[in-house]
2 protein chains.
Amino acid sequence: MTTRDSTRNRILATALSLFNDEGIAKTSVNRIAADLGISSGNLYYHFKTKEQIAEWLVRRFQERIEAITTTGSKVVALDDLWLVLHLALEAIQQYRFIYRDVDFLARASPRIAHRLQQITLRGIAGTERICSELAKADVIRASNEDVADLAVQMVLTATCWYTFARVWPAGNADADPAGRAAYHVLTLLTPYLKGDARLYMSYLRSKYLK
Amino acid sequence: MTTRDSTRNRILATALSLFNDEGIAKTSVNRIAADLGISSGNLYYHFKTKEQIAEWLVRRFQERIEAITTTGSKVVALDDLWLVLHLALEAIQQYRFIYRDVDFLARASPRIAHRLQQITLRGIAGTERICSELAKADVIRASNEDVADLAVQMVLTATCWYTFARVWPAGNADADPAGRAAYHVLTLLTPYLKGDARLYMSYLRSKYLK
DNA sequence: GTCTATATGCGGATAGAC
DNA sequence: GTCTATCCGCATATAGAC
């Protein structure tokens with residue numbers, strides 16, 4: 001690993017942290033450099049613009065999300081969905097600036113906008129696949145149409161959760177935010193659940209709603 | 001009406017339009033003044049800061065939303081919910097900068113953050129009331145717990161819809177965006193619907209999904 | 001109420017030395 | 001690769017004339 005790679009990564013790490021904590025709009029390139037202890041001239045050597053930094057972070061997020069949603073393991077129980085959801089929501093939380101500042105990002109660069117749309121479409125497709133496997137495994141009872149609607153709703157909830165939590169006081173204070181978020185996404189399945197899957201949901205409810 | 005009020009209102013109108021079109025972060029006070037054809041000095045006479053402009057817009061939004069959700073008319077059919085939803089989503093669309101830049105706004109001022117939380121809580125409470133009336137009227141079959149979850153999901157979807165549509169290609173291109181959004185919120189009720197309410201949903205589906 | 005003029009500072013970005 | 005120095009432009013905000 002060359003020194004150059006290392007600095008690049010440290011820039012990305014510091015930027016991610018600042019973007020998450022202060023918001024992209026309020027984070028200046030100078031600030032990133034200062035926090036990292038390097039000169040802004042040096043930073044500009046590695047990234048020509050702030051948008052370029054953001055784009056690389058989005059790219060990393062995409063890789064991570066797609067690694068999660070394309071694991072081809074079989075889905076036969078609610079727990080399998082729970083795991084995937086949890087991993088995805090952890091990633092979303094670690095890169096939470098993305099969905100908090102979606103509008104800013106999409107405006108800043110058409111390439112980022114396109115990448116975000118890709119992520120959404122693949123997320124919905126992956127979720128749809130998982131749900132229809134759950135239907136096949138008799139965990140839920142749902143038509144193809146139901147499953148399609150469900151997948152959209154689940155992805156919407158997952159991606160918007162941390163933003164929504166900001167305006168819903170009951171939604172944030174929590175030791176395990178990703179778990180709480182995953183619970184809320186799973187709640188969408190409630191009316192479709194069959195048999196013991198209902199019991200599992202009750203267990204999750206008791207765990208996440210005090 | 002004095003001249004002062006008129007200018008104030010024109011500032012708010014221009015600011016709203018620019019916030020919606022360009023985003024708050026990218027809209028400078030100078031730009032608002034320029035678009036309006038007044039000097040920035042004049043604008044500062046009316047509003048000390050950009051946040052103050054935003055706060056007044058949020059206040060107006062709140063008044064409008066609360067006027068919608070506190071209309072005490074009886075809810076006996078899906079159509080009653082449809083109307084309320086449509087009005088709320090039209091308001092959300094007209095003030096769409098609010099939920100697009102929620103994070104920015106909440107950071108900019110604790111008072112705005114608090115106001116947004118108020119709006120959310122009252123929105124959820126109002127939605128819950130409507131849903132339980134629908135249950136009483138036998139339009140849907142849902143427990144109190146179901147209704148509580150449902151209300152949160154509906155408000156989340158309604159408030160985040162226009163943001164989500166930005167990353168979901170299938171969600172935006174539409175002649176009647178508020179109608180489309182309302183349809184998606186109503187979809188959450190699908191599994192709970194009884195009897196002819198199902199037919200009504202089918203009708204909406206055919207109308208909004210081509 | 002409204003304007004012009006201006007102070008002040010910060011963020012983005014580059015040049016050139018080491 | 002990294003630093004220092006620096007330029008440019010824009011945004012916020014104020015002072016004072018009309």
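In what follows, chains are A, B, ... by sequence order, proteins preceding strands, each numbered from 1.
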Between [atom2] of [N] and [atom1] of [X], the distance in whole Å:
X       : N      : atom1 : atom2 : value
A/Gln52 : C/dG12 : CD    : C1'   : 14 Å
B/Leu36 : C/dT2  : CG    : P     : 10 Å
B/Tyr44 : D/dT12 : OH    : P     : 5 Å
B/Asn30 : C/dT4  : CG    : P     : 13 Å
B/Ile53 : D/dA11 : CD1   : C1'   : 13 Å
B/Leu43 : C/dC3  : CG    : P     : 10 Å
B/Glu51 : D/dA11 : CD    : P     : 15 Å
A/Phe47 : C/dT14 : CZ    : P     : 16 Å

Just compare [options] and give me whichever is closest to any side-chain atom of [X].
X       : options               : result
A/Ser39 : C/dC3, C/dG11, D/dT4  : D/dT4
B/Thr7  : C/dT2, C/dC3, D/dT4   : C/dT2
B/Ser28 : D/dT2, C/dG12, D/dT12 : D/dT12
A/Ile38 : D/dC3, D/dT2, C/dG11  : D/dC3
B/Asn42 : D/dC3, D/dT12, C/dC3  : C/dC3

Exercise. How long is the gap from CD1 on B/Ile53 to CD1 on B/Ile24, to the nearest 0.5 Å?
Worked result: 10.0 Å
Seminar exercise, completed: Rounding to 0.5 Å, atoms CD (B/Glu63) and CD1 (B/Ile68) come to a distance of 12.0 Å
Exercise. Quick one: is B/Ser40 getting a side-chain N or O under 4.0 Å of the D/dA11 phosphate, OP1 or OP2?
Worked result: no
For this session: Considering just the side-chain nitrogens and oxygens of B/Lys50, establish if one lies under 4.0 Å of OP1 or OP2 belonging to D/dA11.
Result: no
For this session: Before accepting this row, confirm whether a basic side-chain N of the pair A/Arg166/B/Asp103 lies closer than 4.0 Å to the acidic partner's carboxylate O.
Result: yes
Exercise. Going by an N to O cut-off under 4.0 Å, is there a salt bridge joining A/Asp21 and A/Arg96?
Worked result: yes
Problem set entry | Minimum-distance pair of heavy atoms, taken over all atoms of A/Gln117 and B/Pro169 | OE1-CG, 3.6 Å
